[in-house]
Amino acid sequence: MRTKLMAANWKMNKTPDETRVFFREFLPLVAGHDRDEIVVCPPYTDVDAAIAGARGSKVAIGVQNVHWKADGAYTGEISAPMLVSLGVTHVIVGHSERRQYFGETDDTVNLRLKAALEAGLTPICCVGEVLEEREAGLCDDVLRRQCVRAFHAISAKKAAKLVVAYEPVWAIGTGKTATPEMAAEAHAVIRREAAEVFGEEFAAKLRILYGGSVKPDNAAVLMVQEEIDGALVGGASLDAKSFAGIVKY
Ligand code: 13P
C-alpha cells in the first residue's frame, strides 16, 4: 500500500556534463516503470543539469542538504525556498556523513526538517547506528533518540511528506548490508517511534527506506520486506545501468 521511493544519493560526485550523460542513459532504462517513485539527489552544482535531463520523465530531483533559514548572512548555505524555485522536490536531511564530518546534530536535523516541510519539500530524514552502538545492543535506543529529536515540535499534518531512511553507518560504502531481518527490525522501531509522535495512522503511511551498500544483486531481497519502503543508494546509483537495476529489482 506504500509506494516505494527509490532514491539516489550521489554525494560529492559528477559534473554537470556527467549528469547529462547519466540521464541520457538512465531515462530509457526506467521508461514506463510506474511501480515506484524515483528521485536522484545530485550535488547542488548539478541540479540545473539534472532538472533539464529529467524533464518529461517522472524522475524527481532532490538535493543532499538544506539550511533552516530562508535567507540571510549564512555564507555557503542554500535555503529551502531557493531549492523550490529551481524545481527541486526532495532533500536528504541528517545523512550520517553530515553527522560524522560536518557537525550535524539531532537538533540541526530537526531545524532542517521543519524548514524543508514548511517549504513543501519532501525530506528524507536519515537515521542509523554506528557499529559500536549495534555491538553494545544500543541500536534501538539510538534510533529512538534520533527520531524523537528529529521529529520534535512537528505536527502530523506538517510532517505529511516526511520520509525516513534507515542507514546503518557500518553498512555505508562498506559492501556490508544489514540482513533483511535486521533492516525490517530497525524499520519497525522507527515506525513505532513515528506512531508515538505522530499517531498510528501517520505511522502506517510513513515510508521508511533502507540505505547501505544496496546493489542490483541485493536489492530484491531487501525490497520484498514488508517494512522496507524503498532504498537510498550511494555508490551504486552513480552508474545508470546499476541504479536502473536497483529500481527495477
Ligand atoms: P552506499 O550505497 O554507497 O553504501 O551509500 C549509502 C548511502 O549513504 C546513501 O545515502
Side-chain angles (χ1 to χ4, degrees), residues 4-14 18-19 22 26 36-44 46-47 50 59-66 88-104 108-109 112-113 116 121-131 133-134 139 142-143 146-147 150 162-180 182-183 186-187 190 207-223 225 228-249:
K4 283 195 181 8
L5 177 63
M6 306 304 277
N9 175 9
W10 281 1
K11 308 191 179 183
M12 196 173 72
N13 291 288
K14 291 195 193 292
E18 290 165 343
T19 301
F22 174 92
F26 182 65
D36 313 297
E37 284 173 29
I38 306 171
V39 59
V40 175
C41 304
Y44 295 126
D46 296 334
V47 163
V59 178
I61 303 304
V63 292
Q64 302 165 20
N65 197 12
V66 62
V88 166
T89 52
H90 293 65
V91 59
I92 298 168
V93 169
H95 191 279
S96 64
E97 286 150 16
R98 305 254 13 126
R99 294 179 191 255
Q100 242 181 315
Y101 308 135
F102 303 104
E104 186 83 61
T108 52
V109 170
R112 292 184 209 281
L113 271 188
L121 292 164
T122 297
I124 303 174
C125 176
C126 300
V127 295
E129 80 287 0
V130 300
L131 188 60
E133 291 164 336
R134 174 162 284 274
C139 183
V142 169
L143 294 177
Q146 289 176 337
C147 287
L162 175 70
V163 174
V164 176
Y166 170 58
E167 297 208 309
V169 178
W170 48 269
I172 294 176
T174 57
K176 290 187 198 144
T177 44
T179 64
M182 276 156 97
H187 286 213
I190 294 166
R207 290 185 293 181
I208 306 175
L209 319 184
Y210 170 77
S213 297
V214 178
K215 311 278 178 224
D217 61 1
N218 63 18
V221 288
L222 290 160
M223 293 306 123
Q225 293 286 320
I228 301 183
D229 306 311
L232 182 55
V233 187
S237 73
L238 294 171
D239 176 77
K241 275 199 202 68
S242 152
F243 187 48
I246 292 170
V247 167
K248 299 199 284 187
Y249 64 86

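We count ligands from 1, going down the list as the structure has it; atoms in each ligand are counted the same way. Only heavy atoms go into these numbers, but all of them, side chains included; no hydrogens, no water, no symmetry mates. What you are looking at is a predicted structure, and each value in this text was computed from that prediction instead of being measured.
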Hey, is Arg99 close enough to Glu167 for a salt bridge, meaning N to O under 4.0 Å? no
I need the minimum non-hydrogen distance between [X] and [Y], along with the two atoms involved.
X      : Y      : answer
Leu222 : Pro180 : CD2-CA, 4.1 Å
Met223 : Lys4   : O-CE, 3.0 Å
Lys176 : Trp170 : CB-O, 4.1 Å

Among the heavy atoms of Ala171, does any lie under 4.0 Å from an atom of ligand 1? yes
Is the closest heavy-atom distance from Ala236 to ligand 1 below 4.0 Å?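 No, Ala236 has no heavy atoms under 4.0 Å from ligand 1.
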In ligand 1, which numbered atoms sit nearer than 4.0 Å to a non-hydrogen atom of [X]?
X      : answer
Gly212 : 4 (O), 6 (C)
Ser213 : 1 (P), 2 (O), 4 (O)
Lys11  : 5 (O), 6 (C), 7 (C), 8 (O)

Side chains of Ser96 and Gln100, donor plus acceptor under 3.5 Å: no
Can you name the salt bridge (Lys or Arg N to Asp or Glu O under 4.0 Å) partners of Lys241, sequence neighbours left out? Glu25
If you measure every N or O of Thr174 against every N or O of ligand 1, does any of those distances drop under 3.5 Å? no
Is there a nitrogen or oxygen of Glu167 sitting under 3.5 Å from a nitrogen or oxygen of ligand 1?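 By distance alone, the answer is yes.
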Hey, looking at atom 4 (O) of ligand 1, which of Gly173, Gly235, Gly234 has the closest heavy atom?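 Of the listed residues, Gly173 has the closest heavy atom.
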Does only the side chain of Leu232 get under 4.0 Å from ligand 1, or the backbone, or both, or neither? Count heavy atoms.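 Near ligand 1, Leu232 shows its backbone as well as its side chain.
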Angle between ring planes, His187 versus Tyr166, binned at 30° and 60°: parallel, tilted or perpendicular?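 Perpendicular.
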